[in-house]
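Only one structure is covered here, and it is reproduced in the block below.
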Protein chains: 4
Amino acid sequence: MTDSTVSRAGAASAKRRRLTAAAAEVVHRQGAERTTIADIARAAGVPVGNVYYYFKTKDELVAAALDEHARHLAELTGRLERLPDPRERLKGLVETWIGQRDVAARWGCPTGTLAAELDKRGEGGLDAEAGRVIRLLLDWAERQFRELGLPEPDGLALTLVSAYQGMSLLANALRDPEIMKREGDRLLGWLGSLPG
Amino acid sequence: MTDSTVSRAGAASAKRRRLTAAAAEVVHRQGAERTTIADIARAAGVPVGNVYYYFKTKDELVAAALDEHARHLAELTGRLERLPDPRERLKGLVETWIGQRDVAARWGCPTGTLAAELDKRGEGGLDAEAGRVIRLLLDWAERQFRELGLPEPDGLALTLVSAYQGMSLLANALRDPEIMKREGDRLLGWLGSLPG
Amino acid sequence: MTDSTVSRAGAASAKRRRLTAAAAEVVHRQGAERTTIADIARAAGVPVGNVYYYFKTKDELVAAALDEHARHLAELTGRLERLPDPRERLKGLVETWIGQRDVAARWGCPTGTLAAELDKRGEGGLDAEAGRVIRLLLDWAERQFRELGLPEPDGLALTLVSAYQGMSLLANALRDPEIMKREGDRLLGWLGSLPG
Amino acid sequence: MTDSTVSRAGAASAKRRRLTAAAAEVVHRQGAERTTIADIARAAGVPVGNVYYYFKTKDELVAAALDEHARHLAELTGRLERLPDPRERLKGLVETWIGQRDVAARWGCPTGTLAAELDKRGEGGLDAEAGRVIRLLLDWAERQFRELGLPEPDGLALTLVSAYQGMSLLANALRDPEIMKREGDRLLGWLGSLPG
DNA sequence: AATGAATGAGGGTTCATTCAT
DNA sequence: GATGAATGAACCCTCATTCAT
């Protein structure tokens, strides 16, 4: 494999990555339905006609955006996992949410809003895809609660993630980041009050 | 006023009501963006061109759908208000949510999903409209908590409504009505555990 | 014929007249193509559905607007005819044009702009109608020049009316009423310089 | 630049030019309001949807039609400018008008009729655009009169252009090309009679 | 792979005209 | 005659996707 091959392949992958990142961001801000392939191409600095070499359909681009959010989630939980105490990990998660309150108030949770939008479609299976990303978070939280030795860790995870989605939606609908802070603090208190 | 006058005016209003109801339902199922005027017209049994006699733009129809949801909410809280105990009213609210779990699992909360969608639009002011409907629920809940003599009734309302939006979104994203039941029961327990 | 019959018939005619006047004015301002039946109905204070009892088609309304302008022209020439000297009549005509310079600069000559618009239509014969109104003016001017004993009175009339249409169009296109004044004064000088 | 590059770019520009030419012609014949994008597309041999690749709105197409007329005017005056005597240039202009009498009698002056139509619109600024093209002619004529050393060259230009617009409108309204000939000849005589 | 251009199926909206009462 | 409501044919414009080079 020559250098130029490498660099060409590298450039191609870079384009794919740029498109994916652009899709994640633009779709988060505009919603999947209102986002145009041209919007994403422009944001990625890629000519429109070229997009189809990397993604056969618009739906594939939306799926890539979802994957991108899953990757962000994995990074976050990966960082949190370095903390020895599961309770601290969960608190760290909530603190991250609070830290992103301005984005949440403006555009909502990327995965949550996308899930809500995709669930309105009967076809394509993209809706299930969104659910899968949310379940990643759910599973991770459940593991933490289980490590803490708490009963019904899945129920606790459900409560935590549900609270996150709810407060993001309200913060977004009311355009008020303080909602994230207020409910986030309550969650921190709740986590602290749990036995184990 | 003659009979024919009544029937004429009545028929006209009936059509408007039919369109509003159809808009509320179809938009709930398909989302505002994916819903065409023709979809709503068909559901209401009205020729497409005639829709514009009652609603000048698609946005007005979406606004009417939102109003319809606000009206449903008002009916519900109106019924609950007949209960003497505020705590029972709040429990009744949660029980209603649980009772609608199948719809929520399939399409989400009508107002919440619409709010999430409309918030992606910069223009038109419809986004603020959605927030207003959510605040109606928030305010009603706050009044109940206040009547119970609890501190920070607004925070409690936020927690309650936030939980509702969160569990609706998760139930929808995971297509699992049991999530509504599980979190709903937890909320019932929480309401029962509150002092006052 | 009873009184009420009279008054009803009278009211009906009044409506027709109101519609005609409204058509003349609104069409002058908006052009025939951009003018809606509803626009005219509103301006006349007549319900839309009722218009069709007086005018079977939109074209008939436009024709009525043309007639109205012909009537205005007849009134004007009728007034001028009271002057004993044909040259003074012609000067009076030009002075009237100058006096209406602001309207001309904003909307052009009612008949001229309408003629230009209607001439773009292949069908309906409305185009010929517009020409007929212009010829009324042409013929009147020709009669004045003939009474003055000038040779080629038809050519002189053509020059006069042509100048009027030209200056109206330029004043309108450049939105400058002073063009009417300037060219109008030149015409007055020209009329004064003619022998006879 | 390779041949294929040329042909590709050339083809694209050719299409734009074809659309512009078609717009100029069809709008001249039908008027801006009665001309549909489909009409222009058909005349240019371009699929409707493709038009929007070259012109974002119908108004842009109309503006392009106006530009086309401005270009025709520039060509004409450019040719006339080769004549050494300004008076001959002006006479050449009038003779050109006379030579186009059949077109003028059928459709009027392209710029004049378009200006009249666009001036009925309050919005968009296209109306001002039409005025600008007319002023090009006005300015050119003024320069010729000035070169002749005549007083008030702007007034003379106004008279000349005004006469042109007026005779075009009358010829069109009365569907009589001879009007162009008759008034044109008079203008030629007038130009010849001027001192300088 | 790369890219500007092409294609065509809708979607929202307007409006002359007609209908029912 | 009077009137609000109904109807449907266009029209402008958007956009996912495909094509030609």
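Throughout, protein chains are lettered first and strands after them, A, B, ... in sequence-line order, and every chain is numbered starting at 1.
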Below 4.0 angstrom from OP1 or OP2 of dG1(F), is there any side-chain N or O of Tyr52(C)? no
- [ ] Report yes if a side-chain nitrogen or oxygen of Lys56(C) is closer than 4.0 Å to either non-bridging phosphate oxygen (OP1 or OP2) of dT18(E); otherwise report no.
- [x] no
Residues in residues 35-42 of chain A with a heavy atom under 4.0 Å of DNA chain F, by number, are Thr35(A), Thr36(A), Ile37(A)
Selected nucleotide, minimal atom distance to [X] side chain, candidates [options]:
{"X": "Asn50(B)", "options": "dA16(E), dT7(F), dA1(E)", "result": "dT7(F)"}
{"X": "Lys15(B)", "options": "dA2(E), dT7(F), dA16(E)", "result": "dT7(F)"}
{"X": "Thr57(A)", "options": "dA6(F), dT17(E), dT17(F)", "result": "dT17(F)"}

Can you measure [X] atom [atom1] to [N] atom [atom2] for me and round it to whole angstrom units?
{"X": "Phe55(B)", "N": "dT14(E)", "atom1": "CZ", "atom2": "P", "answer": "15 Å"}
{"X": "Arg34(A)", "N": "dG11(E)", "atom1": "CZ", "atom2": "P", "answer": "16 Å"}
{"X": "Arg18(B)", "N": "dA5(F)", "atom1": "CZ", "atom2": "C1'", "answer": "13 Å"}
{"X": "Tyr54(A)", "N": "dT17(F)", "atom1": "OH", "atom2": "P", "answer": "18 Å"}
{"X": "Arg16(C)", "N": "dG1(F)", "atom1": "CZ", "atom2": "C1'", "answer": "15 Å"}
{"X": "Leu19(A)", "N": "dT3(E)", "atom1": "CG", "atom2": "C1'", "answer": "14 Å"}

With DNA chain F as reference, determine whether Asp59(D) or Gly49(C) sits nearer its 5' end, using the nearest nucleotide of each.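 That would be Gly49(C).
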Residue pair Ala32(D)/Lys58(A) against DNA chain F: nearer the 5' end by closest nucleotide is Ala32(D)
Correct closest heavy-atom pair for Asn172(D) and Gly108(D) would be CG-N, 3.6 Å
Between Glu33(A) and Arg34(B), the two heavy atoms sitting closest are OE2-NH1, 3.1 Å
- Message: By the salt bridge (Lys or Arg N to Asp or Glu O under 4.0 Å) test, which pairs, at least two apart or in different chains, include something from residues 40-62 of chain A?
- Response: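 Every salt bridge (Lys or Arg N to Asp or Glu O under 4.0 Å) pair that includes a residue of residues 40-62 of chain A, provided the two are not neighbours, is Asp39(A)-Arg42(A), Asp59(A)-Arg121(A).
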Note, DNA chain F 5' to 3' with Watson-Crick or G-U pairs under 3.5 Å encoded as ( ), [ ], | and . gives .||||||||||||||||||||
Query raised in the report: Looking only at N and O atoms, is any donor in the side chain of Tyr53(B) or the base of dA6(F) less than 3.5 Å from an acceptor on the other one?
Result: no
Would you say that [X] contacts [Y] through its side chain, given a criterion of any heavy-atom pair below 4.5 Å between the two side chains?
{"X": "Arg18(B)", "Y": "Val46(B)", "value": "yes"}
{"X": "Thr113(D)", "Y": "Lys120(C)", "value": "yes"}
{"X": "Tyr53(D)", "Y": "Lys15(D)", "value": "no"}
{"X": "Val133(B)", "Y": "Asp67(B)", "value": "no"}
{"X": "Leu61(B)", "Y": "Ile40(B)", "value": "yes"}

Arg17(D) to Tyr54(D) six-membered ring, cation-pi geometry met (6.0 Å, 45°): no
